[in-house]
Amino acid sequence: MKYNINKKIHAEFSVFEENKLPARTYFIPFSRENAFEKTDYKNERYNSDRVTVLSGEWDFLYYEKLSEIPNTLDTDNTSFDKLNVPSTWQRNGYDQIAYINTRYPFPKKPPHIPEDVAVGIYRKSVALKKSYRQIISFLGVAGAFTLYVNSKYVGYSEGSHNTAEFDITDFLIDGENEILVVNYKWCNGTYLECQDMFRENGIFRDVYIINQEEKHIDDFLFRPSKNADGTYDLKIKIDGNFDDVDIYCDLFTTNESNTIIKNLKVNEWTAETPNLYEVTIKIKDVEAIRTYIGFKDIKIDGEVFLFNEKPIKMLGVNHHDTHMTKGYAVSLDDLELDIKLMKEYNCNSVRTSHYPPDPVFLTMCDMYGLYVVDEADIETHGFYAVPHSTYNPNRLSNDITWASHYLDRVQRMYERDKNHPSITMWSLGNESGGYKCQDVCYDFLKKANPEIPVHYEGVNRSKRWAYDVVSRMYATQDLMRKIRKGTAGNKYKGKPFFQCEYAHAMGNGPGGLEEYMELFYSSKQFMGGCIWEWADHGVYDENARYKWTYGGDHNEPIHDGNFCVDGLFYPDRKPSSGALEMKVCYRPIRAQYIGSNTFELKNTRCFKDSSDIEISYEIIDNGSVAASGKIKSVIAPQTRKKI
């Protein structure tokens with residue numbers, strides 16, 4: 001087949017998407033209810049009879065320069081390599097792998113990018129039977145891409161970590177179909193993706209085709225709100241093409257596609273008590289969907305952040321998608337391992353630095369219990385960086401011509417993730433200054449989802465200063481003491497205080513964690529924070545001297561050395577001493593000796609007593625164990641008990 005490759009669209013500032021479907025909730029449809037009963041939420045996309053997963057081996061071409069691609073690419077007479085999807089080019093020997101912290105990989109002349117960017121071309125042949133409607137879904141493509149089907153242009157997408165969906169019904173035939181993806185290394189949108197990580201490219205998350213019948217569900221919303229008597233109302237809105245729909249849950253049943261269920265008595269969702277209710281949405285004899293809902297109530301009372309009426313502390317970490325051999329292409333098993341370790345090491349929160357994760361990661365947070373700060377795929381950190389002559393942290397964020405680019409990324413994050421009970425705050429991105437483009441995004445979120453607070457640290461470098469909470473990075477303990485005393489200045493008053501990054505786990509760090517814990521617990525204004533960061537970004541190389549490599553070990557011309565080796569866990573997820581320190585400092589039961597052979601134990605949790613925790617003690621006198629045993633007493637949440 002012959003393709004006329006578009007060599008300009010990625011550099012056209014006015015175009016950041018073309019023919020892409022509107023954003024919607026992530027879900028996997030089945031043809032009938034008993035089909036999804038045979039699989040779990042983690043594997044739904046692989047086992048649905050309505051989904052054709054395209055992950056696996058693809059044909060691949062790498063061009064170092066866009067200009068090298070023929071004006072008309074004849075795939076029938078082109079020799080392709082093979083590449084696995086999901087993966088990135090750089091982890092397969094194409095292009096230059098490079099770790100860069102704050103810099104752009106090209107000269108800063110927004111919105112212009114180098115003319116001759118590198119390109120990866122993917123081809124997949126797939127046998128399909130045409131259905132009423134067929135949608136192709138890309139969960140993550142680093143860089144920008146154009147999509148072609150059977151030699152015809154379908155559309156264009158930017159936003160590496162946002163889902164991109166296209167209706168390809170009219171492009172398909174019964175039988176063998178050829179799908180072609182042209183993946184541009186850089187685009188205008190690359191200016192919004194200057195994150196601290198190895199810079200990689202490729203189709204790094206799953207790709208699949210959804211086969212819809214004439215009657216089908218397109219989107220849904222479950223929005224709980226708490227009443228004064230402690231019951232909940234639940235707003236339900238189902239969008240799609242159907243005559244009637246049945247919705248089943250342990251709490252209710254209804255056949256109304258747009259309704260409010262009143263006065264539900266529920267077990268609330270928290271990170272300590274992740275109570276979920278399974279919901280089935282059915283179009284009789286046509287389609288069935290399984291999803292999960294949780295009931296929570298978030299309010300800000302002056303300087304206090306309340307989750308289900310309790311002033312929670314977010315004892316969190318920052319989590320990148322990183323794997324020692326696969327880079328961005330982490331599997332769902334990899335993600336679940338990280339979440340299990342977070343729970344084992346006493347974390348109750350995670351910030352998805354610095355982009356939305358695979359949507360199933362959020363379902364895992366719902367299931368296991370983690371408060372989530374869901375972050376938009378926006379960072380312009382290169383404008384903070386040297387040389388000083390280009391230092392201008394507000395450069396893009398105060399240029400309103402970029403507002404639609406910003407809003408697209410925030411809106412797509414919200415629409416995809418809006419139903420997850422674990423979402424505790426939305427984040428407008430990271431280290432991009434502010435405030436004009438962020439104001440547009442903030443206004444959208446507050447209209448779409450007024451119940452969820454909005455955090456964004458970078459705005460404190462502008463006159464806006466803060467959104468719903470005051471967000472800072474690496475605030476010193478002295479500053480926190482001044483905030484607590486009210487002497488840090490008026491800008492720190494009146495809102496909760498959150499540290500999206502507060503301790504750096506590089507080398508023998510993080511240090512001072514226990515002092516931070518004491519401060520977090522000393523004031524209701526302090527929400528807690530997230531340690532930077534979860535795991536080292538080292539690249540495994542069996543031939544390297546130390547097995548894991550970092551910036552500069554791959555002959556890359558631009559890099560930031562070992563600054564990516566700053567995790568609580570090593571690349572293979574073995575804990576560092578920093579992880580062990582965090583586990584102790586994040587412990588839910590804290591003990592203090594108060595004299596006269598008496599200790600005071602405090603349960604720091606807000607919603608759960610200590611009955612699930614075995615409390616053992618050992619008293620050491622001058623190096624020898626003087627006494628030991630177990631304490632059987634149960635400590636109620638947020639209470640103290642003398643032993």
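None of these values were measured; they are calculated from a predicted model.
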d(Leu362 CG, Asp374 CG) to nearest 0.5 Å is 5.5 Å
Asn188 versus Ala11, closest heavy-atom pair with distance: OD1-C, 3.3 Å
May I ask you to check whether Phe361 and His319 place their ring centres under 6.0 Å from each other? yes
Does the side chain of Asn449 come under 3.5 Å of the side chain of Trp426 through a donor N or O and an acceptor N or O? yes
Heavy-atom count check: over 12 atoms from other residues, nucleotides or ligands less than 6.0 Å from Asn71 CG? no
Going by heavy atoms in the side chains, are Val350 and Val373 under 4.5 Å from each other? no
Within the 6.0 Å centroid threshold, strictly below: Tyr122 and Phe145: no
Output the distance between atom CD (Glu379) and atom CG (Asp196), rounded to the nearest 0.5 Å. 7.5 Å
Do Glu556 and Arg199 meet the salt-bridge criterion of a basic N to acidic O distance under 4.0 Å? no
Which atom of Val565 lies closest to which atom of Tyr550, heavy atoms considered: CG2-CD2, 3.6 Å
Keeping His112 on the side-chain end and Pro110 on the backbone end, is there a donor-acceptor pair under 3.5 Å? no
Is there a donor-acceptor pair under 3.5 Å between the side chain of Lys20 and the backbone N or O of Tyr156? no
Please walk me through it: do Lys284 and Asp244 pass salt bridge (Lys or Arg N to Asp or Glu O under 4.0 Å)? CA-CA 8 Å; Lys284 188 176 181 181; Asp244 52 32; over 6 Å; no
Atom of Glu193, atom of Ser160 and distance for their closest heavy-atom approach: OE1-OG, 2.7 Å
Any heavy-atom pair between the side chains of Lys282 and Glu33 that's under 4.5 Å? yes
Listed partners of Asp170 passing side chain to side chain contact (heavy atoms under 4.5 Å, CB included), at least two apart: none
Find the distance between CG (Asp174) and OG (Ser131) and round it off to the nearest 0.5 Å. 9.5 Å
Side chain proximity check, Leu335 to Val360, heavy atoms < 4.5 angstrom: no
Quick check, are the ring centers of Trp58 and Phe80 under 6.0 angstrom apart? no
Partner of Phe166 by side chain to side chain contact (heavy atoms under 4.5 Å, CB included), out of Val149, Ile135, Ile136: Ile136
State yes or no: are the ring centers of Phe16 and Tyr406 separated by less than 6.0 Å? no
Any side-chain donor-acceptor pair under 3.5 Å between Ser353 and Glu533? no
When the ring planes of Phe220 and Phe27 are compared, do they come out parallel, tilted or perpendicular, using 30° and 60° as the limits? tilted
For a quick check under 3.5 Å, do Asn6 and Thr146 share a side-chain donor-acceptor pair by atom type? no
Is Asp243 salt-bridged to Lys215, cutoff N-O under 4.0 Å? yes
Any carboxylate oxygen within less than 4.0 angstrom of a Lys/Arg side-chain nitrogen, looking at Glu415 and Lys418? yes
Do the two ring centres, one from Phe60 and one from Tyr94, sit under 6.0 Å apart? yes
Which atoms form the tightest heavy-atom contact between Asn150 and Tyr3, and what is the distance? N-OH, 3.9 Å
Do the side chain of Ser397 and the main chain of Ser432 share a donor and acceptor less than 3.5 angstrom apart? yes
Counting distance only, does the side-chain N/O of Asp239 pair as donor-acceptor with the main-chain N or O of Asp219 below 3.5 Å? no
Tell me whether the rings of His354 and Trp532 are parallel (<30°), tilted (30 to 60°) or perpendicular (>60°). parallel
Asp167 and Thr169 side chains, donor-acceptor separation under 3.5 Å: yes
Can you check whether His320 and Tyr355 have ring centres sitting under 6.0 Å from each other? yes
More than 12 heavy atoms from other groups under 6.0 Å of CD on Glu37: yes
Measuring from Asp246:CG to Thr280:OG1, what's the distance to the nearest 0.5 Å? 10.5 Å
Passing candidate, salt bridge (charged side-chain N to carboxylate O under 4.0 Å, His left out) with Asp358, options Lys42, Arg416, Arg45: Arg45
Heavy atoms from other residues, nucleotides or ligands near NZ of Lys129 exceed 12 (cutoff 6.0 Å): no
Cationic N near anionic O, under 4.0 Å, Asp321 to Arg205: yes
Do NZ/NE/NH1/NH2 and the carboxylate oxygens of Asp334 and Arg573 come within less than 4.0 Å? no
Under a 4.5 Å cut-off applied to non-hydrogen side-chain atoms, are Tyr540 and Pro571 in contact? no
NZ/Lys65: more than 12 non-hydrogen atoms of other groups inside 6.0 Å: no
Under a 3.5 Å cutoff, is there a donor and acceptor pairing between the side chains of Asn555 and Gln96? no
Between Thr88 and Asn201, is any side-chain donor less than 3.5 angstrom from a side-chain acceptor? no
May I ask you to check whether Phe204 and His161 place their ring centers less than 6.0 Å from one another? yes
Kindly check if the number of other-residue, nucleotide or ligand heavy atoms within 6.0 Å of NZ (Lys152) is above 12? no
Exactly one candidate in Leu180, Asn19, Ile168, Val182 meets side chain to side chain contact (heavy atoms under 4.5 Å, CB included) with Leu147; the answer is Ile168
Before we go on, tell me: are the rings of Tyr104 and Phe383 under 6.0 Å apart, centre to centre? yes
Nearest atoms (heavy-atom pairs only) where Ile121 meets Tyr63: CD1-CE1, 3.8 Å
Carboxylate-amine/guanidinium proximity below 4.0 Å for Asp59 and Lys82: yes
One should read off an interatomic distance between Ile423 CD1 and Asp366 CG, to the nearest 0.5 angstrom, of 7.5 Å
Nearest atoms (heavy-atom pairs only) where Ser137 meets Glu165: OG-OE2, 3.4 Å
Compute the ring centroids of His405 and Phe13, then answer whether they are less than 6.0 Å apart. yes
Between Asp541 and Thr549, do the side chains contain a donor N or O and an acceptor N or O under 3.5 Å apart? no
Electrostatic pair Lys547-Asp572, nearest N-O below 4.0 angstrom: no
Quick one: CZ on Phe106 to CD1 on Ile113, what's the gap to the nearest 0.5 Å? 6.5 Å
Side chain proximity check, Arg91 to His323, heavy atoms < 4.5 angstrom: no
Tell me whether Glu64 at atom CD has more than 12 heavy atoms from other residues, nucleotides or ligands lying less than 6.0 Å away. no
Using ring centroids (six-membered ring only for Trp), state whether His537 and Phe198 fall under 6.0 Å. no
